[in-house]
Amino acid sequence: MSKHTISILVENNSGALSRIAGLFAARGYNIMSLSVSETDDETMSRMTIVSGGDDTIMEQINKQLNRLVDVIKVLDFAPGESVERELMLITLGATNANRHEIIGLVDIYKGTVVAVSSGEITLEVSGRADEINDFINLVRPYGIKEVARSGPIALSKARK
Amino acid sequence: MKGSEIFVDALRREGVDTLFGYPGGVLIPIYDTLYDVKDINIVLTRHEQGAAHAADGYARATGRVGVCMGTSGPGATNLVTGIATAYLDSIPMVAISGQVTSKLIGTDAFQEADMVGITRPITKHNFLVKTIEELPEIMKMAFHIARSGRPGPVLVDIPKDVTTAIMDNYEYPETVNMRSYKPKYEGHAGQIKKAVDLLATAKRPLIYAGGGVILSGAEKELLEFAEKMGAPVTTTLMCLGGFPGTHKQFIGMPGMHGSKAANFSFQNADCIISLGARFDDRVTGDTSCFAPKAKIIHVDIDPASISKIIAVDIPVVGDVKTVLLEMNKMIAPLELTKWWGEITEWIGDGMFTYRHSDTVIKPQFVIEKFYEVTEGKAIFATDVGQHQMWAAQYYKMDHPKQWLTSGGLGTMGFGIPAAMGAAFALKAPVWNISGDGGVQMNIQELATIRINDVPVKTIILNNEYLGMVRQWQDLFYKKRYSSVCLTAQVECDGCTCERTDGGCDKRGDEREYTYVPDFVKLSESYSIPAKRITKPSEVEAALKWAHELDGPCVLEFMTDPEENVYPMVPAGAALDEMIFWEDEK
């Protein structure tokens, strides 16, 4: 089983998301992450779905997605074909003693501090999914209060 | 213009001449507008499921889009089985559901059901009309989607307030242009060439034709293709009549109850060309042993059908008719004497045979006589189960659209309303063959049939059992006939029915009188003439009587209760692991 990032351009209709989610659910295909938003053209949305399966399953997923009337275009990125980014907001326990240490780690990951209080600090970090995982492991000892991750969004690499 | 008037105008512009429906609270404005409509037949069925199957039968018999309508909530959910039936057989249909007023949607209002949600997995597409401004375009898209590409049902859910709202400057769209939906009809020239080249090298080719042939109207092209090449043709249940059943190259239907010739040809072919078929599990048997020696070419308009079940060597995405027109320019005759020698041996004394009887009516015998009396020209629907398989085996269909059957979903209760829908469309007699189980599932439509004087002639093969399930219990569950006997009471301790001693005492010689309902009296209560036939010698005369009658009628044949459908490929077995009636103890 391999992990695939699928990027789908769909009509910006109320039913589009549930059609796509339903397609996965009805066949027992798992969605690992899903991110959806309008594009620059407000009549279109882009969904980025991370899913997994062998080649036959992925081929079926692609064909079934293309079959949906609301779907305009489906791209199944092979590894290395796309650029991917994920955004995370994370709140950690922080004291006067360790706050600077945490800020130092955030700097390494080119993140920013979004909010801070006497006992907590909320950070914004973006990057590839594996980088986000690394960062979470790194700050786990400080005590994670809450995490929200966007799931990856992806575009095909700019052509040379 | 009012929403309800726009709706009716849209139906007209889409060429709808018949609407099968049932009114209800939220549909009153639409039905009020329909009151003055004289150029569309507004058929009031007796159940919304009847309306959906009637629209389906209409579509199967004509190739045009069938239209049905039900009110919000229960009316709409009653359409669901009919929509799913059309979906699995790719039948063009537009189903209209009334919806509660927009501002009540999502409040658990009276007769509210989320129809867009419920029908999402069983429609090709569906729409909720949110404002009257969207209505014209949605109607246009609904019909376009239903009939183009791989056809299918489309549901349009219309809230009551949309039907009463007023739209200024109404114009029905002339064309439809959807960037996300552009079906492709032309096959890729390179792929077609590859397919033709492969076929030219075949020593043991097989043409495997499916429902797509009938949907795309490719019967002439298929005939030319087959005759030019000289290869054997097997047609799926959905393609019966798509290639002449009396043609010398026809080797029967394949699959679970298919012919030995068709199944053995699959297992021994070196090249199979699938035309608009989808390798259904009832056709392939155990997929790991399916067609082990063959290279497979698959022509289908739906890319998702290709390599879904069976890995394909040469896919051709396109409309069967369009692709065959191209292939027919290139195809050449093959030398197949040796291959035909083997096939002829598999055909033997006949593709389908059974144990005859002079004392009890064999269901196969009824179908054979039905074929003779109607000279092979009957247009007929079926329900699902044993009678459906016997009809498929013994009625040699020469024409597409003469056979209306629920293949994919296998819906009991399909026959009567589907035949009715077809008869409304064709204004000609349409037959229906049912078992005594399925016929009771939409028997209320006999009222619609009588009142409108629609010539629907129903044959009931009454074996007093849910025969197909009983057959499986007979063959694979040690004859433990659980809940399949239609004369059994709750207290019944279950018959093991060896029938050597005359069987169950509840059945015996007087079974025709103990069976509930009495189908003859029931039909007569609908003012539909009916006959019960209990002897083989009376079968032909009864069929002639029905054939010559002008209006609707019902024939109930009391058939051998424990007759099984053979040959049979048991579930999970390979296609060449078949059981024949001669094997029966």
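As the structure is a computational prediction, the values presented were derived from the model and not from experiment. Numbered from 1 within each chain, the chains take letters A, B, ... in sequence-line order.
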Heavy atoms only: give me the nearest B:Ser180-A:Ile72 pair and the separation to one decimal. CB-CG1, 3.6 Å
Taking only residues two or more places apart in sequence or in another chain, which ones pass salt bridge (Lys or Arg N to Asp or Glu O under 4.0 Å) with B:Arg179? A:Glu11, A:Asp41
Would the number of heavy atoms belonging to other residues, nucleotides or ligands and lying under 6.0 Å from CG of A:Asp54 be above 12? yes
Has A:Lys145 got more than 12 heavy atoms of other residues, nucleotides or ligands less than 6.0 Å from its NZ? no
For B:Ser307 versus A:Glu59, what's the shortest heavy-atom pair and its separation? CB-OE2, 4.3 Å
Which residues in residues 116-141 of chain B have any heavy atom closer than 4.5 Å to a heavy atom of chain A? B:Arg120, B:Lys124, B:His125, B:Asn126, B:Lys130
Heavy-atom count check: over 12 atoms from other residues, nucleotides or ligands less than 6.0 Å from A:Leu9 CG? yes
I'd like to know whether CG of B:Asp108 has more than 12 heavy-atom contacts from other residues, nucleotides or ligands below 6.0 angstrom. no
Look at atom NZ of A:Lys110 and say whether more than 12 heavy atoms of other residues, nucleotides or ligands are closer to it than 6.0 Å. no
Name the region of A:Val71, side chain, backbone, both or neither, that has any atom closer than 4.5 Å to a heavy atom of chain B. backbone
Does B:Lys308 form a side-chain contact (heavy atoms from CB on, under 4.5 Å) with A:Lys63? I'd like the steps, not just the answer. CA-CA 10 Å; B:Lys308 182 177 71 175; A:Lys63 285 175 173 174; over 6 Å; no
Sorted by number, residues from residues 89-96 of chain B in contact with chain A (heavy atoms, under 4.5 Å): none
Please list, chain by chain and in numerical order, all residues satisfying side chain to side chain donor-acceptor pair (under 3.5 Å) with A:Asn66, sequence neighbours excluded. none
Heavy-atom distances under 4.5 Å only: say whether A:Arg19 touches chain B with side chain, backbone, both or neither. both
